[in-house]
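These notes concern the structure reproduced below.
Starting from 1, each residue takes its place in the sequence as its number. Computed over heavy atoms, backbone and side chain alike; hydrogens, waters and symmetry mates excluded.
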Amino acid sequence: MSLDNHSALIEQLKPLMMEPDFQELFERLTVDESNSTRFLIKMELTRISAPCTRIIDLRDKTELPCEEVLIGKQRHFLDKPSKDALEKTLPLYKNQYTLGVYESIINTHKKRKQIKQENGTSEANLQSKPFMVSGIVMGSYFNRSEERMNYSIKISASQAGVPEVIGATLDLSVGGARIKLPLKHQFQIEKPLKVKLLELNEEFYFEDLHQGVNYQIVDIQNKQEHAVFRLKRDGGGEELDKLITQLIRGYKFRYKVDVNDVIVTASGLGFERHYLPFQQHLPLYVSIQENKPKLTHCLLGHGNQGVMYYFQDEKDISQLPGMLTNNRLVNLLKSPNATEHQLLFCFTHHANGKLHFYSATLAELQQSGHLGLFLGFASRKPSWRVFKLNSYKIDHKQNYKTSTLPGDDAHYSALTEQQLASLSHVIQLSDLTNEHCTEQYQSWFKNQDVKLLKSFIQRKLISNSIKRISMPFTERRHESRYAFKTLVKIKQGNTIATGITHDISNRGLQITLDENVNFTSPSAVSISFPRLQAKAGKIDLTSLPYQLIRTRSKGQILHLSALIGHEPHAGVEFLSKLITHNKEKLAQLSDQDGEQIELADGLKNLMMRELNGVPFFIEKSAKSTIDLSAIGIGIKVDTITQLFSQDTDQILQYNLAPIMDNGLYKTQIVDPLKKRKPNAGMTFFEVFIQITHHARGTINLSSKLVSELNSTQQKAFIEQSERLGKFMALRVSFGAADKPDMSYIRRELEYIQVHSSHRAKQLEEQLWRVIGIGELLDITVEAKMRYPQLQPNTTPT
């Protein structure tokens, strides 16, 4: 079995290897894997986390100057690229020199030398492969729940009937610890261990900690000169929790806090906020009611509203539930990977002022014998659409909430948790329609009787039954709201309106307008508080920058959040003082609005657990070149990233050259991207790929831009690919990125800034460099449907 297929999972487990509760985390994150796979993954993690004694000396192996680098008591001599690899890899192994660190440095050195030898260029011109990108794990965010300090305190450890042994802590959290003891100890792993914290400062001296705390031994690892115990606290109650918390907080700014988990999570969330506004798939949520699947919610963003709008009839009633009938849902959920239940073909027909919807799955058309009739006739209609359904069952053992910082509440409110728990499946509806391929579909039609299509007309629904939840593209709310009414003037472009505040918080407010106004949302607005200005003194409460998050009640109720830049925000400053000085007078509101935001955030997290496509990110480098910077990957193995990992020798590295090389990246992405604006959304092109296997397991990928092939050549390419190996079709979508939503990860950045300011700066700079968003989507099955001759036992009649 190749562990490349589980690279994302291995990468996620790396930072957790030294945790006291690693076994529990490992069991949870590998629950869907077979026993043999879990065994191999654990063996690999054990191998790369083993301590390494090999000295790396590159002084006679590199043409670059080397400097001495000290790791523990070991002296290494590294050039700059190797030192960079060390600094990047070491935090993954809790700053310990392991076999994984050694292999990363050596592989980096060998790869650089190989590239230099192949290119025959000087180091100044030496560049890595331009389409080799790293993977960012998205949709799976681990929260440690406790702050963990990396510092050493002298301890003594003992068991019943065994003498005390002196040692030291390696790190300490409320619920666990890692300690270092001599190799020659007599402790038994199945018995509790009492640990006393010695040499505490008088300032942080706690009698209970000095007298001893009981721990369970989770694991013992024998190193060269000592044994490392991973411990889980056994009992002690809330009082002991408070004591250890006080100790950790007291030492917080004297010792290094481990922030690697927060950085990994913040990176995933930051890139996620770039991607989500452009995501074109419509997430639908199913619950089981009276033993039947029922669509209950959908999650709307900027990029997928067109899919939702397609199903609105003349009375603005969504006919989407009419397309996803009970039978279609049952078949899809029972066989989520069966392509005949995934593909849906649709068109609409206007008659007598009413809009009628026709739809059919591939399975229904094959069974009815009307495949050619439906595809051939429907593809002639302007309303012709091809949709794909991807579904998966929700794992309710995982937390719904993304809680990233130590001490964060890992759960939403009880009502939100209850709503999320009632859902059973997530379905993502993707529009695969390509208007340039209608001619191929029309070749299915051979003058059949169109009256036979009446059986595919949808039953007309007379009321909306799906709850539409808007994805909030703003900061996660952590503020109380207070009832407060005052006059507000709001302006967006040339549109001006007045209204009254309904509630306020430090950074947000809700406004009811005097009359309905068609403001664009989400978008920037400016507001003024004319009646409050007299109380504000020197604070100017005019033309304050706010973000209009969303509107309700036909545009009459507005939700706004402060747009905070580099300078202090006068509105936030004033409202914070107003709330602080009048808390006893102001009535705090029940956070129904916050619960709606919570629900949207929870639905988003469920949707991100399994990516429908492979997002990619384009950045403007320091040299002003436009480069591919990263791709987003999920925990589950997918065919696309698996394909592009074949030509790499490192985990979480992917080579997109097979579809981006030979000038295609420049002509199809870079040049058009320079002319696009973020509000223009996404455009796409399609690529056909021929996959052939060679001796010793190597794979060769050959690709063609579909627009460069006529219909006959396209069909021939597919036939040749399947004859020689395998065929794959990809839709490559892309658009111009907007500014990063830094407010969404503000709390994470503030936390990282305190403990590792340079890494917070690196993450911010990385997100600000992103100028383009894209996605790779597998459309292989739909692409083959365009050609009647390629379908088994199917010929148009």
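- A search for salt bridge (charged side-chain N to carboxylate O under 4.0 Å, His left out) contacts involving K784 returns E722, not counting sequence neighbours.
- When the side chain to side chain donor-acceptor pair (under 3.5 Å) test is applied to H341, no partner is found at least two apart in sequence or on another chain.
- Residues passing the ring pair (Phe, Tyr, Trp, His ring centres under 6.0 Å) test with Y400 are H396, sequence neighbours excluded.
- E272 contributes no side-chain N or O that, together with a main-chain N or O of M138, makes up a donor-acceptor pair within less than 3.5 Å.
- By the ring pair (Phe, Tyr, Trp, His ring centres under 6.0 Å) test, F684 is found to be paired with no residue, residues two or more places apart in sequence or in another chain being considered.
- Taking the six-membered ring where the residue is Trp, the centroids of Y310 and F387 are separated by under 6.0 Å.
- Defined by atom type and a distance below 3.5 Å, a donor-acceptor pair is present between the side-chain atoms of Q714 and Q440.
- Looking at T780, its side chain never comes within 3.5 Å of a backbone N or O of M728 through a donor-acceptor pair.
- E775 and Y275 form a side-chain donor-acceptor contact under 3.5 Å, judged by distance and modelled atom types alone.
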Would you give me the side-chain donor-acceptor pairs under 3.5 Å for residues 373-381, sequence neighbours excluded?
from	atom 1	to	atom 2	distance (Å)
S379	OG	L375	O	2.7
S379	OG	G376	O	3.2
S379	OG	Q442	N	3.4

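- Side-chain N/O atoms of Q319 and D313 include a donor and acceptor closer than 3.5 Å.
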Table please: side-chain donor-acceptor pairs of residues 320-336 below 3.5 Å, with sequence neighbours left out.
from	atom 1	to	atom 2	distance (Å)
T325	OG1	R328	N	3.3
R328	NE	E364	OE1	3.3
R328	NE	E364	OE2	3.0
R328	NH1	M323	O	2.6
R328	NH1	S359	OG	2.8
R328	NH2	S359	O	2.9
R328	NH2	E364	OE1	3.0
N331	ND2	N327	O	3.1

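- Judged by distance alone, the side chains of S430 and N612 do bring a donor and an acceptor atom under 3.5 Å apart.
- Side-chain contact annotation: N434 with E686, donor-acceptor N/O pair under 3.5 Å present.
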